[in-house]
Amino acid sequence: MELGIFSVGDCAADVLTGHQPTEQERLKALTRIAVHAEEAGFDVFAIGEHHNPPFVVSADSTLLAYIAARTSTITLSTSTTLITTNDPVKIAEDFATLQLLADGRVDIMLGRGNTAEVYPWFGQDIRHGIDLALENYGLLRRLWDEENVNWSGSFRAPLTNFTAVPRPLAAPPFVWHGSIRSPQIAEQAARHGDGFFVNNLFMPVSHFADSVKLYRDQWAAHGRGAPETAIVGAGASLYVRPNSQQAFREYSPYYYSHPVLSSFGSLEEASRHTGAIVGSPAQAIERILSFREHFGSYQRQLFGVDIAGLPETTVHEMIELAGSEILPVLRAELGVSRLAA
């Protein structure tokens, strides 16, 4: 299994100290987090695209290119690239460029996004969200797979004998489709033989298990193989400290001050029923291993460690602790899985 760090790139004030990083400070901090993740033994670093405050990562491929120049082994991914409001031609060219610069260690996660106001900013209508996602991905796939594309659709100008440049490496970046509740996206991922990723946050793990089952069933229905061979990834948040009491005491003010994090209810309930992992390394390991009961054997687990204005020093302490005490145990227990080419 691949184990990694993901971030949504929020630029929030520390609820305890009031310190508000600048956008430049936050972007540089994300780079340091990615470099440390590689040094600590993580396999993946992923960043999500947003275009509204308090987020600072509107240009995900640009940030990942900056990180690529400072790392050498870690896979660089997005934890959402907006397939609905981005032009598929620009996605194809940006990520082929990134793949070439990073010597192939790049993949991409596509999603519709969860901010309604972004759609009109890019000339789109959220009511067309699913149709945009399906049509734009169909075009993106062709732009990577074919050198001369003739295409017409409903949401952008047609293309005639068009070649996206630069061309990707021997195989295009591996694609994950992220979804919370859309069956069409699960079906699309299965039809193309792509990965399916559930963020596993803010709702019970059982909710996301239903989406994974649908994807696995569709994988088999499209002749991709047995359901258990489908390529599944899951997220979680992680706040790990040497002991449980310290973890809950420190994390509580950040959790309860954040309207989305705390939307499930108490931190204790969230840590039992959602992908919010809070506690000691041993407790974190136990909780992570329990996800297999809901998702089956899966290929990628990402952890959010830097949300809600947490101090960067704390984030680095958690990365170090996870690298030394969590990753070796998980790898011994779960083994190594390879993604399909």
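All residue numbers in this chain count up from 1 along the given sequence. Since we're looking at a predicted model, the values are computed, not measured.
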Enquirer: Checking the side chain of R142 only, and the main-chain atoms of N150 only, is there a donor and an acceptor separated by less than 3.5 Å?
Expert: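 Answer holds: yes.
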
Enquirer: Do L289 and L334 have side chains that approach each other closer than 4.5 Å (heavy atoms only, starting at C-beta)?
Expert: yes

Enquirer: Which value, rounded to the nearest 0.5 Å, describes the distance between T75 atom OG1 and L64 atom CG?
Expert: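 So the OG1 of T75 and the CG of L64 are separated by 11.5 Å.
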
Enquirer: Answer whether the closest heavy-atom distance between the side chains of E25 and K28 falls below 4.5 Å.
Expert: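 A side-chain contact is absent here, since even the closest heavy-atom pair is not under 4.5 Å.
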
Enquirer: Report yes if the side chains of T78 and F95 come closer than 4.5 Å at any heavy-atom pair, otherwise no.
Expert: yes

Enquirer: Between Q301 (side chain only) and A234 (backbone N and O only), is there a donor and an acceptor less than 3.5 Å apart?
Expert: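 Flag set: sc Q301 to bb A234 pair under 3.5 Å.
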
Enquirer: When you measure from the side chain of Q218 to the backbone of A186, do you find a donor-acceptor pair of N or O atoms at a distance under 3.5 Å?
Expert: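 Checking the backbone N and O of A186 against the side chain of Q218, no donor-acceptor pair under 3.5 Å is found.
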
Enquirer: Within the 3.5 Å criterion, strictly below it, is a donor on H36 or E320 matched to an acceptor on the partner's side chain?
Expert: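 Per modelled atom types, H36 and E320 side chains form a pair under 3.5 Å.
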
Enquirer: Any side-chain donor paired with an acceptor under 3.5 Å for S280 and Q283?
Expert: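 Note: S280 and Q283 side chains meet the donor-acceptor criterion.
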
Enquirer: What orientation do Y298 and F295 show, parallel under 30°, tilted 30 to 60°, or perpendicular over 60°?
Expert: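 If you compare the ring of Y298 with that of F295, the planes turn out perpendicular.
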
Enquirer: Taking V315 as the fixed residue, which of I307, I5, V305 is the one that meets the side chain to side chain contact (heavy atoms under 4.5 Å, CB included) rule?
Expert: V305

Enquirer: So, do M109 and D60 sit near enough that their side-chain heavy atoms are less than 4.5 Å apart?
Expert: no

Enquirer: Would the distance check show the side chain of Q299 and the main-chain N or O of V232 forming a donor-acceptor pair, the cut-off being under 3.5 Å?
Expert: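 Pair found, side chain donor or acceptor close to backbone of V232.
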
Enquirer: Main chain of S154, side chain of E135: is a donor-acceptor contact present, judged purely on distance under 3.5 Å?
Expert: yes

Enquirer: Between I185 and G178, which heavy-atom pair has the shortest distance, and what is it?
Expert: CG2-O, 4.1 Å

Enquirer: Please say which of R331, R105, R300 ends up in a salt bridge (charged side-chain N to carboxylate O under 4.0 Å, His left out) with D43.
Expert: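 Checked R331, R105, R300 against D43; only one passes salt bridge (charged side-chain N to carboxylate O under 4.0 Å, His left out): R331.
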
Enquirer: Just so I know, are the side chains of Q20 and C11 near enough to count as touching, which here means a heavy-atom distance under 4.5 Å?
Expert: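 When only atoms from C-beta onward are counted, C11 and Q20 do touch, with a gap below 4.5 Å.
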
Enquirer: With respect to E49, which candidate in T81, T85, N86 satisfies the side-chain hydrogen bond (donor to acceptor under 3.5 Å, both in side chains) definition?
Expert: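 The single option meeting the side-chain hydrogen bond (donor to acceptor under 3.5 Å, both in side chains) with E49 is N86.
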
Enquirer: What pairs meet the salt bridge (Lys or Arg N to Asp or Glu O under 4.0 Å) rule with one or both residues in residues 213-230, with sequence neighbours excluded?
Expert: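 Only K213-D217 qualify under salt bridge (Lys or Arg N to Asp or Glu O under 4.0 Å).
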
Enquirer: For the residue pair H50 and F55, categorise the inter-ring angle as parallel (less than 30°), tilted (30 to 60°) or perpendicular (more than 60°).
Expert: parallel

Enquirer: Of all heavy-atom pairs between D194 and V175, which one has the smallest distance, and what is that distance?
Expert: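 That would be CB-O, 3.3 Å.
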
Enquirer: In a check of ring-ring contact (aromatic ring centres under 6.0 Å, His included) between H177 and each of F197, Y215, Y137, F196, which one passes?
Expert: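 In the set F197, Y215, Y137, F196, the residue that makes a ring-ring contact (aromatic ring centres under 6.0 Å, His included) with H177 is Y137.
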
Enquirer: Validate the cation-pi geometry between R70 and Y66: distance from NZ or CZ to the six-membered ring centre under 6.0 Å, angle to the ring axis within 45°.
Expert: yes

Enquirer: Just how far is it from atom CD1 of I33 to atom CD1 of I319, taken to the nearest 0.5 Å?
Expert: 5.5 Å

Enquirer: Decide whether H192 and Q188 meet the rule of one side-chain donor and one side-chain acceptor closer than 3.5 Å.
Expert: no

Enquirer: Is E250 close to Y239 at the side-chain level, that is, under 4.5 Å between some pair of heavy atoms?
Expert: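 They are in contact (side-chain heavy atoms under 4.5 Å apart), so the answer is yes.
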
Enquirer: Roughly how far apart are I91 CD1 and N136 CG, rounded to 0.5 Å?
Expert: 7.0 Å

Enquirer: Test your reading of the model: is there a side-chain donor-acceptor pair from T80 to the backbone of G48, 3.5 Å cut-off?
Expert: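 No: the side chain of T80 does not pair with the backbone of G48.
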
Enquirer: Looking at E117, I'd like to know if its CD atom is crowded, meaning that more than 12 non-hydrogen atoms belonging to other residues, nucleotides or ligands lie closer than 6.0 Å.
Expert: yes

Enquirer: Kindly compute the distance separating CG (D87) from CG (L140), expressed to the nearest 0.5 Å.
Expert: 10.0 Å

Enquirer: Just wondering, are more than 12 heavy atoms of other shown residues or ligands nearer than 6.0 Å to CD in E146?
Expert: yes

Enquirer: If you take all heavy atoms of S266 and Y255, which pair is closest and at what distance?
Expert: O-OH, 3.6 Å

Enquirer: Considering non-hydrogen atoms only, spot the tightest contact between R167 and L143 and give its length.
Expert: NH1-O, 2.9 Å

Enquirer: Does some side-chain heavy atom of H128 sit less than 4.5 Å from a side-chain heavy atom of Y119?
Expert: no

Enquirer: Are any of the side-chain nitrogens in R272 or E269 under 4.0 Å away from the carboxylate oxygens of its partner?
Expert: yes

Enquirer: Taking all non-hydrogen atoms of both residues into account, name the closest pair between Y251 and S237 and its distance.
Expert: OH-OG, 4.5 Å

Enquirer: Using modelled atom types only, decide if a donor and an acceptor are shared between the side chain of S182 and the backbone of Q184 within a distance under 3.5 Å.
Expert: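 A pair under 3.5 Å: no.
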
Enquirer: Is it the case that the side chain of S271 and the backbone of E268 share a donor-acceptor pair, with hydrogens and angles ignored and the cut-off at 3.5 Å?
Expert: yes

Enquirer: Give, for atom NE2 of H19 and atom CD of E312, the distance between the pair rounded to the nearest 0.5 Å.
Expert: 9.0 Å

Enquirer: Strictly distance-based, threshold 3.5 Å: is any side-chain N or O of Q99 a donor or acceptor partner for the main-chain N or O of L169?
Expert: yes

Enquirer: Considering only heavy atoms from C-beta outward, does the side chain of L139 approach that of R156 to under 4.5 Å?
Expert: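 Side chain of L139 against side chain of R156, heavy atoms only: contact under 4.5 Å found.
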
Enquirer: Is a side-chain donor-acceptor pair under 3.5 Å present for T229 with W219?
Expert: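 W219 vs T229: donor-acceptor pair found between side chains.
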
Enquirer: Can you name the closest pair of heavy atoms from A34 and I67 and give their distance?
Expert: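 Of all heavy-atom pairs spanning A34 and I67, the closest is CB-CG2, 3.6 Å.
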
Enquirer: Determine yes or no for a side-chain-to-main-chain donor-acceptor pair under 3.5 angstrom, with R26 supplying the side chain and D10 the backbone.
Expert: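 Confirmed, R26 side chain pairs with D10 backbone.
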
